[in-house]
Amino acid sequence: MENIILTGDRPTGRLHLGHYLGSLKRRVELQNSGKYSKIFVEIADSQALTDNAHNPEKIRQNVIEVALDYLACGIDPTKSTIFVQSQVPELCELTFYYLDLVTLSRLQRNPTVKEEIKLRNFETSIPAGFLTYPVSQAADITAFDANIVPVGEDQLPMIEQTREIVRSFNSLYGETLVEPQALLPDNNTCSRLPGLDGKAKMSKSLGNCIYLSDEPEVIQKKVMSMFTDPGHLRVEDPGKVEGNPVFIYLDALCTDEHFKKYLPEYNNLDELKAHYERGGLGDVKIKRFLNSVIQEELAPIRARRKQYAQNISEVYKILQQGSDKARIVAAQKMKKVKKAIGINYFEDLDLINEHVQKYQSLNEEEGKKIK
Ligand code: TRP
């Protein structure tokens, strides 16, 4: 079987370290592994509108930011098709048919959507489009026959929902859609990076992010003011490593090489953690180390972003060409889907003939009666 990847992001702001570790870094590795025959990367603007209908300008401004972040991370438009969701209308068309295969109560059970509804204070009036965006995400994935979807942990309910729709479609209308699998980051800590403030998630709306485009001084300032163990007041005090975002970030990012380069008194993270737990290790020292590690990781990304930013019309062209290409693929799938459901009337000569004959004989009988 062909291995096809699809993944995407909502363009509601610039992308951050959580996106990078949770998904982007992996995407680039997969892209460069040569194991995948096709890779589609979607800027999900229509999905972003499901909770930003009152503020389309925000989405309009951020499509290019996300595109720059993609290119900066190493997504290569000659190997991956980067496209904009709204420019592939077949995705809306697919969504409309998939909506018939899910129930309202199933949609209301989606844990990620539930959490998002709470965060947005939508409890009393959920936009219908927002509640149903997992169905449109199923269209995103299946339109391209993607079998692999590299995502962070929070997206697992979407993949599960997609699989259910695929099974239900295939059993009703015959084998047509491909059942996808989520591909989580190797490193567990990367699946869901907490915010700088220690909150569960690094998120634009919580304002607790390190952006891929942040300048070095900004990153340093953010790292140095990170939340740590609130019980670790004096250097001598024993500190807690679990749930301490500074250590979680180190778990996600640092290698033994980093210790050799920036903190040679320790061989590895385990030694650093043990010292922190014993007491006698100050937060500032660990934060400085973390800052060096993050700076090293983000410097080449920032440099590449600046390079692409010098030629924005070229980046728009990349998006347009990617969207044209995606549209061709999605339109072919749409044709198969319509055929499977049986709503391909004008190409279905059997159906036309059947009806021609039916009415021929009806007309003949009618003729006989009149005689
Ligand atoms: N829901 C994803 C997010 O919020 C974005 C997305 C849209 C996506 N369509 C997708 C992810 C298809 C994977 C596959 O980040």
Side-chain angles (χ1 to χ4, degrees), residues 7-29 31-32 41-45 47-48 52 55-77 80 82-85 150-152 185 190 192-197 199 201-226 245-246 248-250 252-254 287-288 290-319 322:
T7 185
D9 298 275
R10 295 181 201 172
T12 51
R14 290 171 293 151
L15 300 181
H16 54 63
L17 194 62
H19 292 117
Y20 179 65
L21 294 175
S23 164
L24 286 167
K25 193 175 178 178
R26 186 70 177 284
R27 275 182 220 175
V28 174
E29 286 165 9
Q31 167 194 274
N32 297 334
V41 184
E42 177 187 79
I43 302 181
D45 61 336
Q47 184 178 116
N52 285 286
N55 192 6
E57 190 58 22
K58 175 164 130 191
I59 310 307
R60 217 165 91 89
Q61 292 301 329
N62 280 303
V63 169
I64 191 75
E65 299 298 333
V66 171
L68 284 170
D69 286 329
Y70 283 167
L71 296 165
C73 287
I75 292 181
D76 174 349
S80 298
I82 307 174
F83 71 97
V84 182
Q85 186 184 13
V151 281
C190 293
R192 188 178 250 234
L193 203 68
L196 294 164
D197 54 2
K199 292 224 174 86
K201 199 173 163 182
M202 191 177 267
S203 142
K204 305 170 251 243
S205 47
L206 297 173
N208 58 6
C209 309
I210 292 177
Y211 291 99
L212 299 178
S213 48
D214 276 346
E215 291 296 329
E217 316 78 69
V218 176
I219 296 173
Q220 182 175 5
K221 225 176 173 173
K222 287 181 176 174
V223 172
M224 295 315 285
S225 56
M226 268 178 83
V246 175
I248 297 175
Y249 286 20
L250 286 174
L253 272 166
C254 87
K287 285 179 173 175
R288 284 212 185 107
L290 175 62
N291 177 57
S292 306
V293 173
I294 296 180
Q295 298 287 0
E296 182 178 318
E297 188 87 14
L298 296 189
I301 295 178
R302 190 183 322 108
R304 220 170 312 143
R305 199 181 198 279
K306 285 192 171 154
Q307 230 167 8
Y308 277 107
Q310 283 176 0
N311 204 344
I312 291 296
S313 45
E314 198 50 46
V315 178
Y316 269 109
K317 217 172 265 161
I318 291 173
L319 294 182

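In what follows, every heavy atom counts, from backbone to side chain, and hydrogens, waters and symmetry copies are set aside.
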**Message:** Using modelled atom types and a 3.5 Å cut-off, is there a donor and acceptor pairing between side-chain atoms of Gln47 and backbone atoms of Arg10?
**Reply:** no
**Complete:** From the list Glu297, Lys25, Arg27, side-chain hydrogen bond (donor to acceptor under 3.5 Å, both in side chains) with Tyr20 holds only for Glu297
**Request:** Working to the nearest 0.5 Å, report the span between CD1 of Ile318 and CD1 of Ile312.
**Result:** 10.0 Å
**Request:** Could you tell me which non-hydrogen atom of Val246 sits nearest to which non-hydrogen atom of Met226, and how far apart they are?
**Result:** N-CE, 3.7 Å
**Asked** Any side-chain heavy atom of Tyr249 sitting closer than 4.5 Å to one from Leu21?
**Response** no
**Atom of Leu196, atom of Cys209 and distance for their closest heavy-atom approach** = CD1-O, 3.7 Å
**Message:** Less than 3.5 Å apart, any donor N or O on the side chain of Lys58 or Asn52 sitting next to an acceptor on the other?
**Reply:** yes
**Message:** So Arg14 and Lys204, do their side chains get closer than 4.5 Å, heavy atoms only?
**Reply:** no
**Fill in**
The single option from Lys222, Lys221, His16, Gln220 that satisfies side-chain hydrogen bond (donor to acceptor under 3.5 Å, both in side chains) with Asp214 is Lys222
**Prompt:** For Leu71 and Arg304, what are the C-alpha separation, side-chain angles and deciding distance, and is it a side-chain contact (heavy atoms from CB on, under 4.5 Å)?
**Reply:** CA-CA 8 Å; Leu71 296 165; Arg304 220 170 312 143; over 6 Å; no
**Item:** Nearest heavy atoms of Asn208 and Gly195, plus distance in Å
**Value:** ND2-CA, 3.4 Å
**Message:** Please give me the minimum heavy-atom distance between Pro11 and Asn62, naming the atom from each residue.
**Reply:** O-CB, 3.2 Å
**Complete:** So CD1 of Ile43 and CG of Leu319: to nearest 0.5 Å the spacing works out to 5.0 Å
**Message:** Under a 4.0 Å threshold between the charged nitrogen and the carboxylate oxygen, would Glu65 count as salt-bridged to Arg305?
**Reply:** yes
**Message:** What's the separation between atom CD in Glu42 and atom CG in Asp9, rounded to the nearest 0.5 Å?
**Reply:** 9.5 Å
**Message:** Please find the pair of heavy atoms, one from Leu212 and one from Cys73, that lie closest to each other, and give the distance.
**Reply:** CD1-SG, 3.6 Å
**Request:** Please answer whether the main-chain N or O of His19 pairs with a side-chain N or O of Ser23 as donor and acceptor at a distance below 3.5 Å.
**Result:** no
**Asked** Is Asp45 close to Gln85 at the side-chain level, that is, under 4.5 Å between some pair of heavy atoms?
**Response** yes
**Message:** With a 4.5 Å cut-off on side-chain heavy atoms, are Glu217 and Ile219 touching?
**Reply:** no
**Asked** Do the side chains of Val151 and Thr7 get nearer than 4.5 Å, heavy atoms only?
**Response** yes
**Fill in**
When every non-hydrogen atom of Pro194 is compared with those of Ile248, the smallest separation belongs to CD-CG2, 3.6 Å
**Message:** Treating Tyr308 as the side-chain partner and Asp69 as the backbone partner, does any N or O pair qualify as donor plus acceptor under 3.5 Å?
**Reply:** no
**Message:** Could you go through Val28 and Ile75, starting from their C-alpha distance and side-chain angles, then the distance that decides it, and tell me whether this counts as side-chain contact (heavy atoms from CB on, under 4.5 Å)?
**Reply:** CA-CA 6 Å; Val28 174; Ile75 292 181; 3.9 Å; yes
**Request:** Could you walk me through whether Leu298 and Leu17 pass side-chain contact (heavy atoms from CB on, under 4.5 Å), step by step?
**Result:** CA-CA 9 Å; Leu298 296 189; Leu17 194 62; 4.1 Å; yes
